[in-house]
Amino acid sequence: MPEYLHRRYGGQRIRIYLSVLTLLLYVFTKISADLYAGAIFIEQSLRWDLYVSVVILLVIAAVFTVTGGLNAVIWTDFVQCVIMLAGAFSLLVVVLVRVGGYKELIEQFPLAKPKVVKANATHCSDVPKNFLHLLRGADDPELPWPGVLFGLSVSSIWYWCADQVIVQRVLASKNYSHAKAACVVSGYLKLLPMFLMVLPGMAARILFPDEVGCVDPDICERVCGSRQGCTNIAYPKVVIELMPAGLRGLMLAVMMAALMSSLTSIFNSSSTIFTIDVWKTYRPKSSEAELVIVGRIFTVGMIIVSLFWVPIIKASKGSQLMHYIQSITSYLAPPIASTYFLGVMTQRANEKGAFWGLVFGLVIGMTRFILGFFVFPSVECGEVDLRPSFIKDVHYLHFGLILFVLCIAITMTISYFTDPVSQHRLYRLTYALRNNVQERLSSDAVDGKIELEFEAERAKNEPQLIRSLKKVCCIAPTGMDDGSLMSLAEIQIREKQMISLNETPWMRTSTTVASLVLAGITIFLWGFYA
C-alpha cells in the first residue's frame, strides 16, 4: 500500500513516513490487542498467567509466520474460517437454549446486575435503555450516531481499503473478478459477528452478572485482574462454563485458530511493509534472500515491542477491548485514510499536500493519544472526572471525523498552491483514470524493469547448493511460484494480466447481484436495530 502512494504522489518520504505510521498502528491496535485477547482466553481456560499466555501465543505465531509466508497464511486462514464458523454457531445455539431463546435474552439483559455495587457508583451497573439501538443521540457516551455513521466510516477507509493486512489478500487474487467476489463474500461474513459474538456476550452478563458485569474495582481485580471491569472475559466465560467437554475443546481450537490467523497475517504484512517500503528503499539491490531474512528479524522485533504494550491495554478505558481498538484507530488512522481517499478520488492532490496533511494528522492524533492514555487517563466509574472537556466530552469517533476533515482541508489547500501531478503519471492510479490503457512510464517503472532483469539473471546464475538451501529455508528465487524460473517477458505478460480490469459477463453479473443483495440485508439490519 505505501508503494501505491509512492506511485501516485511520487517521492520517497510519503512512502517511508506512511510505512512507519502503519507499523505503529499495528503495534498499538492489531498485535497488542490480539495478544491480549488470546491471553485472556488462555488465562480463563487454563488458569495460566497472562504474560505466560502471551509468550506462548507469540512463539507459535512467530514460528508459523517465519517458516510459512503469505501462501501458508492464506490457506490456513481458509481452513480456520470454517472451523471458527462451526464453533461459533455451536456456541450461539448453546447460549440461546440456556437463557430461553432470543426473546428472553433481550428481556433479561437489562435486568442483569451484579450484587455488589459501590455506594457512589450504583448507576455503573445499569444497562443503557437504548442498548438495542445502533443509532443513538449525538451525546451518547458509547455510540453517538454521527460517530457511528461517519467516524467509523473514516476508520473503515483505513481498515478495509488501505490496510496492508486486508489489501494484501485482495492483491493476491488471480484476477479482478476473484478480488471482487472475495470482497463480497467477506461482506457476508462480516454480518455474522452481530449474532455470533454480541449475543453470546449478552448471555454472559445474564448468566454471570457478578463476574462479567462487575463494577466494584476490588471485585473486578479478583475476577479478571483488571480494576476497570471484566467485560473482556464474557466470551471465554460462556465457552468454559456452558460448552460440554468435546465442544469446549473445539471452541478452544476455534479461538486459538482465530488469533493465530490474525497474528500471522499481521506479522506477514508488517514484514512486507518494512522490507519492501523501508529496507529496499535504502538497499535497492537487496537480494530476495536478504529481504526474507530481514523480514523475519523485523517480525521478531515487532513481537518484542508489542509484548511491552500489553499492560497499557489491560489498564485502558473500561477494560473494553473494542473501545480501545477503535479509539487508537480514530486517533492515528484519519490522516492515512484522507491520503488514500484523496489519492484515489482526486487528481489535484499532490505530494507536498499529502505529506504535510499526514504530518499534521499524526501530530494532532498522537497528541490526543498521549493526553488520553498517559496524561489524563480514564477514571473508574463513580469517581469524579476532572479531565479537560476536550478529552472527556469529545468522543473518539467524533475526533476521528474532525481530524479526517482537517487533513483533507490541509492537503487540498497546499496542493492548490503548488504544482499539480502530471496526468500521464496518474494512469490507472485514480478512479477517473482506472480504465486508461496508455502506458504509465516513470523513472520508477524503468528501475523496476532493470531490477527484474537483474533478479532473473542472478537467480539463473546461482549455484545449485544455494538454490537447495533457499528451498529448505522456504526462500523461493525469482519467478519460482510455479516451479520454474520465468523470463522477464513472461513476468511482464503476467503483470499485464494482473492489472487488467476485464471481466466475463457472468462474473460481473454474479458479483453485482451478490453485492446488491448484501447491501439490502445490511440496510434491513440497520433499520431493524436503528
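The two residues T413 and F417 make their nearest non-hydrogen contact at O-CD1, 3.0 Å. The two residues L397 and G147 have their closest heavy-atom pair at CB-CA, 3.6 Å. The two residues A138 and W145 have their closest heavy-atom pair at N-CD1, 3.6 Å. The minimum heavy-atom distance between S177 and T511, with the atom names listed, is O-CG2, 4.4 Å. Nearest heavy atoms, V167 versus C161: CG2-O, 3.5 Å. Considering every non-hydrogen atom in both P335 and T339, the closest pair reads O-OG1, 2.8 Å.
Note: Y427 OH to N435 CG = 14.0 Å, rounded to the nearest 0.5 Å. Atom-to-atom distance recorded for I166:CD1 and L171:CG is 11.5 Å, nearest 0.5 angstrom. A distance of 9.5 Å separates CG of L23 from CG of L18, quoted to the nearest 0.5 Å. Within the model, atoms OG1 of T430 and CE of M345 stand 9.0 Å from one another, a figure rounded to the nearest 0.5 Å. Atom-to-atom distance recorded for S330:OG and I325:CD1 is 11.5 Å, nearest 0.5 angstrom. Of the inter-residue distances, the one linking L135 atom CG with N130 atom CG reads 10.5 Å to the nearest 0.5 angstrom.
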Discussion item. Run H6 and Q12 through side chain to side chain contact (heavy atoms under 4.5 Å, CB included) and show every step you take.
Written reply: CA-CA 6 Å; H6 170 61; Q12 292 288 354; 3.5 Å; yes
Practice prompt. Just do the side chain to side chain contact (heavy atoms under 4.5 Å, CB included) check on L433 and R428 with the steps written out, would you?
Written response: CA-CA 5 Å; L433 300 175; R428 297 179 301 284; over 6 Å; no
Item to complete: Decide side chain to side chain contact (heavy atoms under 4.5 Å, CB included) for S270 and T299; before the verdict, give the C-alpha distance in whole Å, the side-chain angles of both, and the deciding distance to 0.1 Å.
Response: CA-CA 7 Å; S270 300; T299 298; 6.0 Å; no
Identify every side-chain donor-acceptor pair in residues 517-530 under 3.5 Å, counting partners at least two apart or on other chains, and give the distances.
{"unit_1": "T522", "atom_1": "OG1", "unit_2": "L518", "atom_2": "O", "d": "2.8"}
{"unit_1": "Y529", "atom_1": "OH", "unit_2": "Y102", "atom_2": "OH", "d": "3.0"}

Taking only distance into account, with no hydrogens and no angle test, what donor-acceptor pairs under 3.5 Å do side-chain atoms of residues 152-160 form with protein atoms, sequence neighbours excluded?
{"unit_1": "S153", "atom_1": "OG", "unit_2": "L149", "atom_2": "O", "d": "2.5"}
{"unit_1": "S156", "atom_1": "OG", "unit_2": "L152", "atom_2": "O", "d": "2.8"}

For residues 402-411, dump all side-chain donor-acceptor pairs below 3.5 Å to protein atoms at least two apart in sequence or in another chain.
{"unit_1": "T411", "atom_1": "OG1", "unit_2": "G353", "atom_2": "O", "d": "3.3"}
{"unit_1": "T411", "atom_1": "OG1", "unit_2": "C407", "atom_2": "O", "d": "2.8"}

Side-chain polar contacts of residues 358-374 - donor-acceptor pairs under 3.5 angstrom, sequence neighbours left out - could you list them?
{"unit_1": "T367", "atom_1": "OG1", "unit_2": "V363", "atom_2": "O", "d": "2.6"}
{"unit_1": "R368", "atom_1": "NH1", "unit_2": "Y331", "atom_2": "OH", "d": "3.3"}
{"unit_1": "R368", "atom_1": "NH2", "unit_2": "Y331", "atom_2": "OH", "d": "3.3"}
{"unit_1": "R368", "atom_1": "NH2", "unit_2": "I391", "atom_2": "O", "d": "3.2"}

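Tested against E351 for a salt bridge (Lys or Arg N to Asp or Glu O under 4.0 Å), the candidates R15, R7, R13, R425 yield a single pass: R13. Of the candidates M412, Q347, R8, L342 forms a side-chain contact (heavy atoms from CB on, under 4.5 Å) with just one, namely M412.
Looking at residues two or more places apart in sequence or on another chain, you find no side-chain hydrogen bond (donor to acceptor under 3.5 Å, both in side chains) involving Q326. Residues passing the salt bridge (charged side-chain N to carboxylate O under 4.0 Å, His left out) test with R348: none are found, sequence neighbours excluded. In terms of the side-chain hydrogen bond (donor to acceptor under 3.5 Å, both in side chains) criterion, residue partners of D163 (sequence neighbours excluded) are, by chain and number, Y26, K30. Under the salt bridge (charged side-chain N to carboxylate O under 4.0 Å, His left out) criterion, K180 pairs with E503, not counting sequence neighbours. When the salt bridge (charged side-chain N to carboxylate O under 4.0 Å, His left out) test is applied to R136, the partners found at least two apart in sequence or on another chain are D140. Listed by chain and residue number, nothing satisfies the salt bridge (charged side-chain N to carboxylate O under 4.0 Å, His left out) test with R434 (two or more places apart in sequence, or in another chain). Under the side chain to side chain contact (heavy atoms under 4.5 Å, CB included) criterion, T509 pairs with V513, sequence neighbours left out. The side-chain hydrogen bond (donor to acceptor under 3.5 Å, both in side chains) check on W279 picks up E290, with sequence neighbours excluded.
In this structure the side chain of T272 never reaches within 4.5 angstrom of the side chain of F298, judged on heavy atoms. In this structure, H398 and P144 have side chains that are in contact, with non-hydrogen atoms separated by less than 4.5 Å. In this structure, L143 and H395 have side chains that are not in contact, with every pair of non-hydrogen atoms separated by 4.5 Å or more. Using a 4.5 Å heavy-atom cutoff, the side chains of K280 and T275 are not in contact. Looking only at side-chain heavy atoms (C-beta outward), M202 and F131 come within less than 4.5 Å of each other. For the pair I336/T22, a side-chain contact is recorded, criterion being any heavy-atom separation below 4.5 Å from C-beta on. Two residues are said to be in side-chain contact when any heavy atoms from C-beta on lie closer than 4.5 Å; S19 and F274 fail this criterion. Annotation: side chain of T504 is in contact with side chain of M507 (closest heavy-atom distance under 4.5 Å).
No more than 12 heavy-atom neighbours from other residues, nucleotides or ligands sit within 6.0 angstrom of NZ on K352. Around CE of M194, the count of heavy atoms belonging to other residues, nucleotides or ligands within 6.0 Å exceeds 12.
Between the side chains of H323 and E142, at least one donor N or O lies within less than 3.5 Å of an accepting N or O.
In this structure a side-chain-to-backbone donor-acceptor pair under 3.5 Å is missing from Y9 to Y4. Between the side chain of S415 and the backbone N or O of N350, at least one donor-acceptor pair lies under 3.5 Å. Proximity of a side-chain donor or acceptor of Y17 to a complementary backbone N or O of F355 within less than 3.5 Å is not detected.
By the 6.0 Å and 45° rule, R387 does not stack over the aromatic ring of F376.
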